[in-house]
Engineer: 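Can you read through this structure? Questions will come right after.
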Amino acid sequence: MAAGLKNKAMEILKLFKKIIGSKISVSAKLDKATALLADEFDVDASACYLVLDDNYLELFSAYGFNTKITNNLTLRVGEGIIGGIAMSKRTTAVENIWQNPDFLYRAEAGEDKYKSFLGTPIIRWVRSIGVLCLYKKDLYTFVKTDVEALETLAMAFAEWVASDEVREYKNTFMKKRGQAIKDSYKGLSLSRGFGIGPAVVHRRRQTVTKIFADDKTAELNRLKAAHTQMNTDLEQKFNESKLGLGEHADILDAYRMFAQDKGWYNKIAGYVDGGLTAEAAVERAYEDMWNRLSATQDTYLKERLHDLRDVADRLLAYLYGDNTDIKAADLGEIVVIAQTMGPADLMDYDYHKIKALVLEDGTPTMHVAIVAKALGIPVVSKIKGIYKEIKSGEIVAVNGDDGMVYIRPSQKVIDDILAKIAAREQQIAQMAALRDLPSTTLDNQHINMYINVGLNFDLDYIETTNCDGIGLYRTEIPFMAAEKMPDVEHQIVYYKNLLDKTGNKKVVFRSLDVGSDKLLPYWTYSGEENPAIGWRSIRITLDRRAILRQQMRAFIRAAADKELNVMFPMIANLAEFRDAKETLMLELDKEKRRFAKVPSKVNVGLMIEVPSVVFQLDSILQEADFISVGTNDLAQFVFACDRTNNRLAERYDVLSVPFLRVMREIITKANEAKVLCSVCGEMASNPIEAMVLLGLGYRNLSISGASFGKVKRMIRSADTTQLADYINTLLEYNQRTLRPQLIAYAQDHGIEIF
Ligand code: PEP
Ligand code: MG
């Protein structure tokens with residue numbers, strides 16, 4: 001920037017900042033700012049237009065014009081010179097507007113006296129949110145320094161226009177017109193995390209307009225060509241995608257099989273043969289299937305309708321010649337907005353660049369959600385109408401933790417989301433810095449730190465955290481992601497993959513823990529009154545013994561020559577544990593009789609989740625090789641408080657006397673019996689709660705990968721001897737929660753819990 005320009009721009013900026021920082025109304029600030037423009041640029045008139053509702057510009061402030069036109073003059077984006085600037089996002093200088101073909105004369109504005117014009121867009125991210133204009137009565141050629149100074153000022157304007165005060169002000173005008181900007185939506189979070197970026201609206205569903213074909217043979221050829229091309233492209237996408245083995249690869253395979261299904265193709269071809277256009281035939285074939293399946297109560301079949309719709313839409317796009325992939329590379333980081341999506345649709349984009357996914361319709365068991373989650377992409381669904389509301393290129397911010405989606409976010413929201421992203425990145429950096437440091441407390445107590453694994457994606461944490469192993473492998477997660485109940489061979493692939501990735505580190509396999517909030521899409525559930533205390537988890541697999549036997553067989557075969565640790569969930573008494581253990585031992589015997597390779601050592605344990613087992617611990621500890629406390633379920637049963645009920649979420653605290661006494665009882669008994677005891681519920685993943693576990697005597701924690709760094713930092717700053725003394729005295733108190741005292745204690749003793 002030349003010295004002269006720099007001075008000019010800086011001077012105007014300084015004055016502009018003074019105006020917007022002053023305690024006057026937004027309209028007074030706007031008027032002062034346009035007067036400042038006229039003065040500093042030495043022109044006769046100036047104006048500020050702001051974009052409302054994305055489609056039109058409204059004059060919000062004018063200097064040197066008829067004042068009545070303020071908030072009474074609108075232009076469509078693209079209309080006239082000013083609308084053209086908003087559309088093209090380019091600064092435009094015109095020596096004589098009267099000779100410019102784009103000039104749109106508006107008598108009410110009183111522009112008759114002006115000839116020369118300079119306008120620049122106010123751009124926020126990649127969108128025009130307004131236009132600043134300068135006018136001169138004489139013929140004049142605006143020079144480079146004018147242009148650059150105005151563009152610099154427009155940048156400062158952009159920040160201010162996106163601020164809450166201007167947004168609210170603009171909203172009052174929108175409301176008057178009955179068009180208030182709805183800028184935040186609450187949806188259902190399907191995958192956690194935060195993302196921000198310009199929206200890419202995923203392919204709209206095509207409506208079929210031509211029903212009957214003129215030439216049957218030509219139509220069949222067209223269908224064949226589109227179908228072949230679609231499958232060739234899909235094949236290439238699958239090969240290029242580096243999603244790797246695992247449950248999401250299975251999902252994509254299932255999708256591919258659907259796309260290649262001969263029965264489906266022949267049905268469509270049959271309708272074309274009957275005279276329909278290829279497009280109409282695709283719809284007709286879908287309707288047939290819909291009519292047959294939509295009435296079913298079977299969730300698995302219902303989910304298949306989603307897949308079929310996705311494949312049909314994809315084929316329609318090819319038939320309409322609209323199959324060009326979005327050049328996401330040109331857009332950089334994006335937020336994808338879709339009505340609904342198939343898992344393969346994600347591959348239309350470079351998934352490294354997808355910062356979030358927003359769906360009008362989607363359930364947790366929907367395949368695209370599982371794939372996105374595996375890729376670490378935040379997903380929010382069930383937001384009716386958002387697909388129509390957003391245009392590609394508009395900025396969208398997504399909070400996948402609480403399911404909020406913000407369209408055209410205010411500066412405050414942007415700052416908040418960026419801060420959350422930064423905090424998460426900082427956490428990752430901290431974790432990296434802590435990776436090779438020992439998890440030892442100040443009083444030299446070593447804490448074994450494991451991770452909890454569900455999706456393949458979690459396996460990355462083995463390397464990034466340098467953990468001691470997997471303390472809880474939730475085997476139901478791959479079952480939930482599969483198309484149908486995985487057979488022994490499929491299960492062996494999952495388990496072997498996990499063991500290979502874990503190397504020599506320990507892995508604890510938990511047997512299938514389904515039911516309650518974890519539903520398998522291919523099972524029909526009877527709809528119990530109280531599913532959390534109903535037919536779930538080990539209760540199902542003991543009753544459906546073949547499932548348990550097959551899973552034990554798969555564990556044994558996958559862990560041939562290695563140590564195998566098996567843990568049973570939701571055990572309510574010793575008899576149940578014995579029963580489950582016996583099934584494992586029978587399978588082991590069978591394998592031995594086949595002279596098959598078996599694990600070098602087998603350890604069998606159980607989860608402490610149902611309070612009844614706490615009262616039978618003495619006997620159980622004589623027969624279990626290890627135990628692990630599932631504090632999520634244990635807390636819900638100790639307090640009789642449904643863990644999925646939001647109304648009760650804050651009501652009872654694990655950091656309170658009754659629960660901590662139960663936790664103390666468990667670890668004391670386990671230590672006396674010299675049986676390894678860990679915690680794998682969420683309590684171990686929360687630094688303040690994990691701190692209390694150390695004080696109670698726990699030395700084995702299994703943590704979610706994302707929280708590993710925070711907990712390790714806490715461990716390295718804590719003294720377990722001092723903690724034990726303090727917690728023992730606290731357990732004599734009777735407050736509803738001990739959390740405030742514990743936080744204060746951590747702060748006073750330099751224990752890092754945040
Ligand atoms: C628990 O209940 O604490 C536990 C770890 O199991 P899940 O959360 O999978 O039910
Ligand atoms: Mg549980």
Side-chain angles (χ1 to χ4, degrees), residues 192 247 364-365 370 373 449-455 457-458 461 467 469-481 498 507-520 530-542 551 565-572 576-577 580 605-614 626-645 648-649 652-655 659-660 662-663 666-667 670 676-686 689-690 692-693 696 698 700-708 711:
R192 292 166 68 99
E247 63 277 1
T365 51
I370 294 167
K373 199 167 173 176
M449 292 182 72
Y450 304 95
I451 56 166
N452 293 346
V453 166
L455 286 161
F457 177 64
D458 294 323
Y461 287 118
C467 59
I470 297 172
L472 166 65
Y473 174 35
R474 291 181 159 106
T475 59
E476 60 277 5
I477 308 283
F479 275 68
M480 285 160 77
L498 187 88
V507 177
V508 178
F509 289 94
R510 174 170 80 181
S511 75
L512 202 60
D513 184 25
V514 291
S516 189
D517 56 332
K518 292 182 245 175
L519 303 178
L520 297 180
N530 298 299
I533 49 172
W535 194 58
R536 59 174 285 208
S537 191
I538 197 75
R539 300 168 186 181
I540 295 182
T541 51
L542 286 176
Q551 189 171 37
N565 300 291
V566 178
M567 172 161 81
F568 296 108
M570 287 287 291
I571 295 286
E576 247 172 14
F577 177 62
L606 67 145
M607 292 193 70
I608 307 295
E609 297 181 292
V610 184
S612 54
V613 282
V614 181
F626 64 92
I627 58 173
S628 189
V629 191
T631 50
N632 311 338
D633 274 313
L634 184 61
Q636 87 167 332
F637 300 132
V638 165
F639 291 117
C641 171
D642 182 349
R643 75 194 239 193
T644 60
N645 187 332
L648 301 175
Y652 305 105
D653 194 349
V654 287
L655 296 186
F659 195 69
L660 294 184
V662 177
M663 292 302 286
I666 298 167
I667 188 68
L676 192 144
C677 171
S678 65
V679 175
C680 60
E682 278 307 299
M683 215 180 156
S685 299
N686 181 323
E689 294 168 12
V692 176
L693 294 175
L696 291 173
Y698 287 87
N700 294 278
L701 305 178
S702 194
I703 299 161
S704 73
S707 307
F708 199 91
V711 176

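Indexing begins at 1, ligand by ligand and atom by atom, following the structure's order.
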Engineer: Do you see a donor-acceptor pair shorter than 3.5 Å between the side chains of Thr541 and Gln551?
Structural biologist: no
Engineer: Any donor-acceptor pair under 3.5 Å linking the side chain of Arg536 with the backbone of Pro531?
Structural biologist: no
Engineer: What do the steps show when you test Leu655 against Met683 for side chain to side chain contact (heavy atoms under 4.5 Å, CB included), and what is the final call?
Structural biologist: CA-CA 9 Å; Leu655 296 186; Met683 215 180 156; 4.1 Å; yes
Engineer: For Ser685, give me all partners under side chain to side chain donor-acceptor pair (under 3.5 Å), at least two apart in sequence or on another chain.
Structural biologist: none
Engineer: Quick one: salt bridge (Lys or Arg N to Asp or Glu O under 4.0 Å) partners of Arg192, sequence neighbours excluded?
Structural biologist: Asp401
Engineer: What are the two closest heavy atoms between Thr631 and Gly681, and how far apart are they?
Structural biologist: OG1-CA, 3.2 Å
Engineer: Closest heavy-atom contact between Val514 and Ile540?
Structural biologist: O-CD1, 3.8 Å
Engineer: Looking at every heavy atom in both Met567 and Ser628, which two are closest together, and how far apart are they?
Structural biologist: SD-CB, 3.6 Å
Engineer: Regarding Asn452 and Ser704, do their side chains bring together a donor and an acceptor under 3.5 Å, going by distance alone?
Structural biologist: no
Engineer: Non-hydrogen atoms closer than 4.0 Å to ligand 1: which protein residues do they belong to? List them by chain and number, please.
Structural biologist: Leu472, Arg474, Arg510, Asp513, Lys518, Met607, Glu609, Gly630, Thr631, Asn632, Asp633, Arg643, Cys680, Gly681
Engineer: Anything protein N/O/S under 2.8 Å from the Mg ion (ligand 2)? Just list residue and atom, please.
Structural biologist: Glu609 OE2, Asp633 OD2
